[in-house]
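What you are looking at is a predicted structure, and each value in this text was computed from that prediction instead of being measured. Start at 1 and go down the list; that is how both ligands and their atoms are numbered.
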Amino acid sequence: MSLPFSQSCENNKDPILTCLRQAFIDASRVLEIGSGTGQHAVYFAEHLPHLHWQPSDQGEYLAGLALRLATSSLPNLAAEIELDVGGRWPSQGFDAVFTANTCHIMAWSLVEKLFAGVARSLESGGTFCVYGPFNEGGCFTSDSNARFDQWLKQRDPDSGIRDLEAVVALAARHGLQLSVNYAMPANNRLLQFTKAEA
Ligand SMILES: C[S@@+](CC[C@H](N)C(=O)[O-])C[C@H]1O[C@@H](n2cnc3c(N)ncnc32)[C@H](O)[C@@H]1O
């Protein structure tokens, strides 16, 4: 098996890191959902050494993810765990959760499970950062996002770029308030949510 690689991860890891430095400044234990190639996990664990980074993904991605994690020997980077948002979630709590490029891949019913699971896993006052493309005011924010959405739907009609307003409303129903909406390169956003203090 060859090492999984995503060029977009290489392109977006520094802009995302800039946001996470701020968003996770007071965090210590981060759960990453849908780690994919593991490039983000390795990079963010290396550059944010105050964080203990827990990568996860669905079963079929774990072998490739493990290969990537084995390229690093960072003490703050945990071994991959299996996490399908529609299945069982880890029992331990986290004070931060990160996910990139997952909401447009999952069916909306799974996005709902993602936010429900994050709300359960996050401690009060914890932070959830979601990176990816979103529509605003019911419209695509660029022609390239419109083409990307078309391509996604040809592969899987249940996938597609989500409406920012629907995601923010879903989060609020789970006690997660939008605290920062960062503009990112290539028509992406990084949404930072905060779980209300109990
Ligand atoms: C486009 S990849 C993004 C991977 C990586 N986060 C990145 O930014 O390159 C989408 C990821 O969502 C994950 N994913 C899709 N459905 C999922 C589910 N039901 N539970 C957990 N992860 C899921 C996939 O396994 C995959 O890792």
Per atom 9 (O) of ligand 1, closest listed option by heavy atom (Ser8, Ser35, Cys9): Cys9
Within-4.5 Å side-chain heavy-atom neighbours: Gln39 and Ser6: yes
Close side-chain approach of Glu80 and Arg68, heavy atoms under 4.5 Å: no
Numbered atoms and elements of ligand 1 in range of Asn101, under 4.0 angstrom, heavy atoms: 1 (C), 2 (S), 3 (C), 8 (O), 10 (C)
Ligand 1 contact by Gly86, heavy-atom criterion under 4.0 angstrom: no
Pick from Val85, Ile33, Leu110, Ile105: the one approaching atom 20 (N) of ligand 1 most closely through a non-hydrogen atom: Val85
Members besides Leu62 in its Ile/Leu/Val/Met/Phe/Trp/Tyr cluster (side-chain heavy atoms under 4.5 Å): Ile16, Leu17, Leu20, Phe24, Val30, Val42, Tyr43, Phe44, Leu48, Leu51, Trp53, Leu65, Leu69, Leu74, Leu77, Phe98, Tyr131, Val180, Tyr182, Met184, Leu190
Minimum side-chain heavy-atom gap Val111-Leu170 below 4.5 Å: yes
Numbered atoms and elements of ligand 1 in range of Asp84, under 4.0 angstrom, heavy atoms: 18 (C), 19 (N), 20 (N), 21 (C)
Members besides Leu3 in its Ile/Leu/Val/Met/Phe/Trp/Tyr cluster (side-chain heavy atoms under 4.5 Å): Met1, Leu67
More than 12 heavy atoms of other groups within 6.0 Å of Asp26 CG: no
Side-chain touch Thr102/Val85, heavy atoms, less than 4.5 angstrom: no
Option set Leu62, Asp57, Thr99, criterion heavy-atom distance to atom 25 (O) of ligand 1, minimum: Asp57
Side chain, backbone, both or neither: the part of His40 lying under 4.0 Å from ligand 1 by heavy atom: side chain
Side chain proximity check, Pro185 to Asn12, heavy atoms < 4.5 angstrom: no
Among Gln58, His104, Glu32, closest by any non-hydrogen atom to atom 22 (N) of ligand 1: Gln58
Proximity flag Leu83 to ligand 1, non-hydrogen atoms under 4.0 Å: yes
Atom indices of ligand 1, in the order listed, that fall short of 4.0 Å to a heavy atom of Gly36: 4 (C), 27 (O)
Closest to atom 6 (N) of ligand 1 (judged by heavy-atom distance), picking from Gly34, Gly59, Ser109: Gly34
Shortest heavy-atom approach to atom 11 (C) of ligand 1 - which of Leu152, Thr37, Leu114, Thr102: Thr102
